[in-house]
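Scope of the values below: all heavy atoms of this structure, side chains included, with no hydrogens, waters or symmetry mates. One-based numbering along the sequence shown.
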Amino acid sequence: MRRSRVLLVLGCCVAGYLLALRHLAASRPARPWKLQVEAGPHMDLVPSRSTAEKDRLLAKRVLDTTVPVASNLRATSNYANEHTSHVLATQARAVDGRTNESEAQTYAAVITQVKQHARRIGDTPAELREFVSFNNQQQRIYNEAKFPMAEEDRKQQIVVVIQVHTRYHFLRHTLRSLESARHVSEILLIVSADFLSKELVEMVENVTFCRTMLILCPHSSQLYPSTFPGTDPKDCPARIKKEEAVARGCLNAYYPDMYGNYREAAFSAIKIHWWWKASFVFTQLRVLQKHEGWILLLEEDHLVSPDFVHALRLLETVRVKDKRSVDMLNIGRQRANLNAAGHEFSEEEWYAVFNNMGFAIQRSGWNKLHGCTKQFCDYDDYNWDWTLQVVGRDCLPQRWRTLVLTMPRVYHIGTSCGIHQKSKVCHPDEDAAKVNAELTSRSGQLFPKELSFVVSSRPRALMPRKPNGGWGDIRDRVLCKNITKKS
């Protein structure tokens, strides 16, 4: 009885709201749509007349079947707020088979306008934030129909996540190497960026070789250029004594890093992006809610070999067969032995300076890391990889362990320039050509039928020296912890 009474009240509210919208639409000029909606068979612009009883049933169906859609739409923009009830009611009407041909044509026209708007990213930080927010809620998968996959296969599919800033000239080479790989059509590719541009969106949209997603870090200097997590005009200069900072009264005067230096947004952004990306992929992406497989972490200046999917699957096979208790699988390796055989692997402790490139992690590994959020977020080092290693040392019962291919399948081509390099001149074409030539000369080592275990030739891992600093600001630490509170 109580449920019926609630539904009746809700139905009356929906009916009144639809009627008000109808009169409002007739009395004012049309306004441009700012709402991006996936194409669907039935959605109109003008609310249909309906009785209170029909609207009551529609409201019930909306609550039962489309609450997630309502939540996403409400958070999109003020315009979405005004039209959410109508959109949901129209969807429910479609379920009842009460959408006519005229409504379908109107909806098709709206979708065309929406797609055109989707390309208008905007110029102001507020417009960029709106685009980022909706993109992350929509979670669109490109090429979904082109590369269908059974539900059971999705649970074990290989997911590749590329962390991107602005070095698109390197990213193009990364995407080309992926396109040339065998079995790449079976992966899900996720591009995670902390800088939004039309060029980036077009690059993702133009990927045709696999299912692809774009996720956008909402905590960036681009979105907040004059306040945290960007650089606030009231922030302390990076190189200033604490006594002088306190005397000046700058915002973060009491929070230098362990070396007395103050926050630099460009450095903090790297760790923030990595942490947000990992949290979002494992806890917020709907397509991966039931995923049990490996997620390979790459960066915008990494190239992959033609057999990287094959090699990663072989590593997983030996892990299961040999019952090896490891947290990660490494198909990349810094300071690799270029003469190593393509069919060999070893097991070793995960060490940042060797294993921070081309490693895959499962949900179980993320759960361990998530349980060490405080240690990760409070460690005074802007490098996510050194922080990850220290978490394994200080927080986990056992340190991270990984299986490693002795001949890497992931290569770093961005060593000529970057945030850790003094040179500002990049040579992506030359660097990519060297790697491709190396892979061509060693093509006979690719696609081994099986892997053979060898004892690691790497020197015993030493724990890192003192932290690198750059992560003393309390705002970074609080933001870091808040990111995982949402998961």
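- Judged by the 6.0 Å distance and 45° axis criteria, R313 is not positioned over the aromatic ring of F308.
- For the 3.5 Å distance criterion, the side chains of E292 and Q156 qualify, holding a donor opposite an acceptor.
- Looking at residues two or more places apart in sequence or on another chain, you find no salt bridge (Lys or Arg N to Asp or Glu O under 4.0 Å) involving R182.
- Between the side chains of H273 and S220, no donor-acceptor pair of N or O atoms lies under 3.5 Å.
- Checking Q222 against R129 by side-chain atom types alone, no donor-acceptor pair falls below 3.5 Å.
- Checked by atom type, the side-chain pair N330/T402 shows a donor-acceptor distance below 3.5 Å.
- Between W275 and W471, the distance separating the two ring centers is not shorter than 6.0 angstrom.
- Applying the side chain to side chain donor-acceptor pair (under 3.5 Å) criterion to D235, with sequence neighbours excluded, gives R475.
- Screening residues 241-297 for disulfide bond (SG atoms under 2.5 Å apart) gives C236-C250 as the qualifying pairs, with residues at least two apart or on separate chains.
- Environment of CD in Q398: sparse, with no more than 12 heavy atoms of neighbouring residues, nucleotides or ligands closer than 6.0 Å.
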(message) L451 vs L403, test: side chain to side chain contact (heavy atoms under 4.5 Å, CB included). Steps then yes/no.
(response) CA-CA 11 Å; L451 298 179; L403 298 184; over 6 Å; no

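- Between W350 and W400, a ring centre-to-centre spacing not shorter than 6.0 Å is recorded.
- Counting only residues at least two apart or on different chains, no ring-ring contact (aromatic ring centres under 6.0 Å, His included) pair has a member in residues 173-205.
- Defined by atom type and a distance below 3.5 Å, a donor-acceptor pair is missing between the side-chain atoms of S305 and Y411.
- Considering V404, V318, V454, V326 in turn, V326 is the only one that fulfils the side-chain contact (heavy atoms from CB on, under 4.5 Å) rule with E347.
- When the side chain to side chain donor-acceptor pair (under 3.5 Å) test is applied to E344, no partner is found at least two apart in sequence or on another chain.
- D381 and T387 form no side-chain donor-acceptor contact under 3.5 Å, judged by distance and modelled atom types alone.
- Applying the side chain to side chain donor-acceptor pair (under 3.5 Å) criterion to D194, with sequence neighbours excluded, gives H165.
- Within a 6.0 Å sphere centred on CG of N206, heavy atoms belonging to other residues, nucleotides or ligands number more than 12.
- Side chains of S133 and Q137: a donor-acceptor N/O pair is present below 3.5 angstrom, by distance only.
- Within 6.0 Å of the OH atom in Y254, the count of heavy atoms belonging to other residues, nucleotides or ligands does not exceed 12.
- Counted within 6.0 Å of OH on Y255, heavy atoms from surrounding residues, nucleotides or ligands total 12 or fewer; the atom is thus considered open.
- Relative to the six-membered ring of F359, R333 misses at least one condition, a distance below 6.0 Å or an angle of at most 45° to the axis.
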